[in-house]
Amino acid sequence: MFDIKWIRENSALFDAGRERRGLPPLAADLLALDDTRRSAIAASQVAQERRNAASKEIGAAMKAKDNERAEALKAEMAELKASAPALEEAEKRAIVVLDRALAEIPNLPLDDVPFGRDENDNPELRVVGEKPVFSFTPKEHFEIGENLGLMDFETAAKLSGARFVVNKGPLARLERALGQFMLDLHTGEHDYAEINPPILVRDDALFGTAQLPKFEEDLFAAHAGRLPQEGGGDSYWLIPTAEVSLTNLVRESILEERQLPLRFTALTPCFRAEAGSAGRDTRGMIRQHQFSKVELVSIATPEQALIEHERMLGCAETVLKRLGLAYRVVTLCTGDMGFSSQKTYDIEVWLPGQGRYREISSCSVCGDFQARRMNARYRPEGGKATRFVHTLNGSGVAVGRALVAVLENYQREDGGVNVPEALRPYMGGLTAIMPGSGTR
RNA sequence: GGAGAGGUGGCUGAGUGGUUGAAAGCACCGCACUCGAAAUGCGGCAUAGGUGCAAGCCUAUCGGGGGUUCGAAUCCCCCCCUCUCCGCCA
């Protein structure tokens, strides 16, 4: 969320940044709302001031036993009070109107973010690893999984409809192994603290990381008992990413500079309605309503943020390197960035079955955009005034898609799948999942 | 779900209708004392918003929202959260 004062003082910069994102200018409209807000506040405060003063006089008059004067003042006060509700109402309304407008404005790209209109304009930053060479035509992950009898979309549809899957036996274990492996890597070698956070959260948490108010249709909601309008109990949202839970760990708090950067990681289920994705990636596990993901979140000072961003990207890349997966890193161009981000790197893993790179991680630095929404601050060493922290988040990495990548990259001509070296300790030493192995 | 106790500044904790934005202590900052430190003494120390070149002034804020009153941290109502006991439960 932007600070209206900053927009007031940097309106040209603000609109120029929006133009880079392909958005129309907005500063003039916002400043008009701000003028309305400020004059409404001023008018209301003048009235308040008079009332406070009169009230004190009444107190003094009563103390002095001057009842006549007190009564006269009370009469005057009654008149003042009559006009108060309208003034207060106008003030409140003007504040809400501006706040609502500000809450729906996306973050602006940093200067070094490449200009572009959409995902086709994302420049490749680097390409890493060797794509595997096959002596046969590589299959897509769902063919592999279904042929093994371990990946079942039909049964999942009976339980839950489209965009769900049932994984079984060694395949289920392989997915668990991936999650464990990533978590161990980030906690053991990358200095992240393991967190097991709530995955049901309130509105406020989602407002903090800016999934609300604008992206409600992408979320799933949960209600105790029946729907609220039918007399149900408390309502929650299911997190679309652990970024929500992990980032909001510091909401409404004042940290000490020496604590920073804070690094959190979590392995959680994520839930997405995929409202705008009808017809896309309908086959297989690429785009599911429910998937698990290892998330990385850093809370940093403004000075640390960009260094931390590169570091986080490196942590995510290490996952793919250890798994022996080929990938490339792209920098999202100005037109393709997410709502909260100032700069985003995507890691795209090579999928031989699809014959293309697919996103498996996204690492973003958000500046103080989310910190303002959460009111998360820190106290600089030796300083008195607080500053907003900077927040970063990244996938480290998406577990469901990592499973897809392992299946497609480690598939064998006989229909089996080799287990990557790094995962074997988590698979009880198993070196390959073989056809006909069953679910045990 | 039932019964009860609470939510006050960075922290602890006073405060039941009138200069209370809020005592006191701790922490922190400055000064004095000291060769230096500790101890001690004196002073300072909330946040947000509005206004002003500035010093400053004004408004709001004692979990959140309403209400009573000339006036609310203090009284009333609703909600949220924490804790204790009971019930239920993985």
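In the text below, chain A, chain B and the rest are named by the order of the sequence lines, each starting its count at 1. Source: prediction; values computed, not measured.
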Among the candidates A60(B), G10(B), G18(B), find the nucleotide nearest to the side-chain atoms of Arg379(A).
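The nucleotide sitting nearest to the side chain is G10(B).
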Nearest-angstrom distance, [atom1] atom, [N] to [M]:
| N | M | atom1 | value |
| --- | --- | --- | --- |
| A46(B) | G52(B) | C1' | 23 Å |
| C62(B) | U74(B) | C1' | 10 Å |
| C75(B) | U16(B) | P | 9 Å |
| G15(B) | G7(B) | C1' | 15 Å |
| G9(B) | G21(B) | C1' | 9 Å |
| C28(B) | C45(B) | C1' | 8 Å |

Encoded 5' to 3' (Watson-Crick or G-U under 3.5 Å; [ ] crossing; | other strand), RNA chain B becomes ((((((((.[[[..)..(.....]]].(((((.......))))).((((((....)))))).[[[[[..)....]]]]])))))))....
Can you list every pair that meets side chain to side chain donor-acceptor pair (under 3.5 Å) and has a residue in [range], with sequence neighbours left out?
| range | answer |
| --- | --- |
| residues 163-191 of chain A | Asp152(A)-Lys168(A), Asn167(A)-Glu175(A), Asp184(A)-Tyr426(A), His186(A)-His190(A), Glu189(A)-Arg322(A), Asp191(A)-Arg263(A) |
| residues 194-211 of chain A | Asp203(A)-Trp237(A), Thr209(A)-Gln211(A) |
| residues 90-107 of chain A | Ser44(A)-Glu91(A) |

Whole-Å distance separating the [atom1] atom of [X] from the [atom2] atom of [N]:
| X | N | atom1 | atom2 | result |
| --- | --- | --- | --- | --- |
| Asp203(A) | C80(B) | CG | P | 14 Å |
| Glu49(A) | C58(B) | CD | C1' | 5 Å |
| Arg51(A) | A72(B) | CZ | P | 9 Å |
| Met1(A) | A48(B) | CE | C1' | 13 Å |
| Arg50(A) | C58(B) | CZ | P | 15 Å |
| Glu252(A) | G9(B) | CD | P | 13 Å |
| Ile95(A) | U61(B) | CD1 | P | 13 Å |
| Arg387(A) | U47(B) | CZ | C1' | 18 Å |

Could you list, one pair per line, each protein nitrogen or oxygen that sits under 3.5 Å from a nitrogen or oxygen of nucleotides 49-56 of chain B, together with the distance?
{"unit_1": "G49(B)", "atom_1": "N2", "unit_2": "Gln45(A)", "atom_2": "OE1", "d": "3.2"}
{"unit_1": "G49(B)", "atom_1": "N2", "unit_2": "Gln45(A)", "atom_2": "NE2", "d": "3.3"}
{"unit_1": "G50(B)", "atom_1": "OP1", "unit_2": "Arg37(A)", "atom_2": "NH2", "d": "2.8"}
{"unit_1": "U51(B)", "atom_1": "OP2", "unit_2": "Arg38(A)", "atom_2": "NH1", "d": "3.3"}

N or O in side chain of [X] less than 4.0 angstrom from [N] OP1/OP2:
| X | N | result |
| --- | --- | --- |
| Asn52(A) | U59(B) | yes |
| Gln48(A) | A60(B) | yes |
| Arg202(A) | C80(B) | no |

Practice problem: Please collect all salt bridge (charged side-chain N to carboxylate O under 4.0 Å, His left out) contacts where either partner lies in residues 365-376 of chain A, sequence neighbours excluded, each pair once. | Solution: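 Non-adjacent pairs meeting salt bridge (charged side-chain N to carboxylate O under 4.0 Å, His left out): Asp368(A)-Arg372(A).
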Using the salt bridge (charged side-chain N to carboxylate O under 4.0 Å, His left out) rule, collect all pairs that involve residues 1-19 of chain A, keeping only residues at least two apart or in two chains.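 Sorted result for residues 1-19 of chain A: Arg8(A)-Asp34(A).
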Partners meeting ring pair (Phe, Tyr, Trp, His ring centres under 6.0 Å) with [X] (sequence neighbours left out):
| X | value |
| --- | --- |
| Phe215(A) | Phe339(A) |
| His141(A) | none |
| Phe14(A) | Phe2(A) |
| Phe164(A) | His289(A) |

* Asked: Within the side chain of Arg272(A), is there an N or O that forms a donor-acceptor pair under 3.5 Å with the backbone of Arg287(A)?
  ->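 Judged by distance alone, no pair lies under 3.5 Å.
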Original post:
When you check the side-chain N and O atoms of Lys293(A) and Thr241(A), is any donor under 3.5 Å from an acceptor?
Top reply: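 There is such a pair (donor and acceptor under 3.5 Å, judged by atom type) between the side chains of Lys293(A) and Thr241(A).
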ask   = Which part of the nucleic acid, if any, lies within contact of Lys56(A), taking any heavy atom under 4.0 Å across all strands shown: a base, the sugar-phosphate backbone alone, or nothing?
value =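 No contact.
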Q) Which residue lies toward the 5' end of RNA chain B, Ala53(A) or Arg377(A), if each is placed at its nearest nucleotide? A)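 Final value for this comparison: Arg377(A).
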Tabulate protein N/O versus nucleotide N/O from nucleotides 62-66 of chain B, keeping only pairs under 3.5 Å, one per line.
{"unit_1": "G66(B)", "atom_1": "OP1", "unit_2": "Lys92(A)", "atom_2": "NZ", "d": "2.8"}

*Glu154(A), CD atom: more than 12 neighbouring heavy atoms under 6.0 Å*: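 No, because the 6.0 Å sphere around CD of Glu154(A) holds 12 heavy atoms or fewer from other groups.
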Open item on the list: Can you confirm whether or not the ring centre of His309(A) sits under 6.0 Å from the ring centre of Tyr345(A)?
Closed with: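 They qualify: ring centres under 6.0 Å apart.
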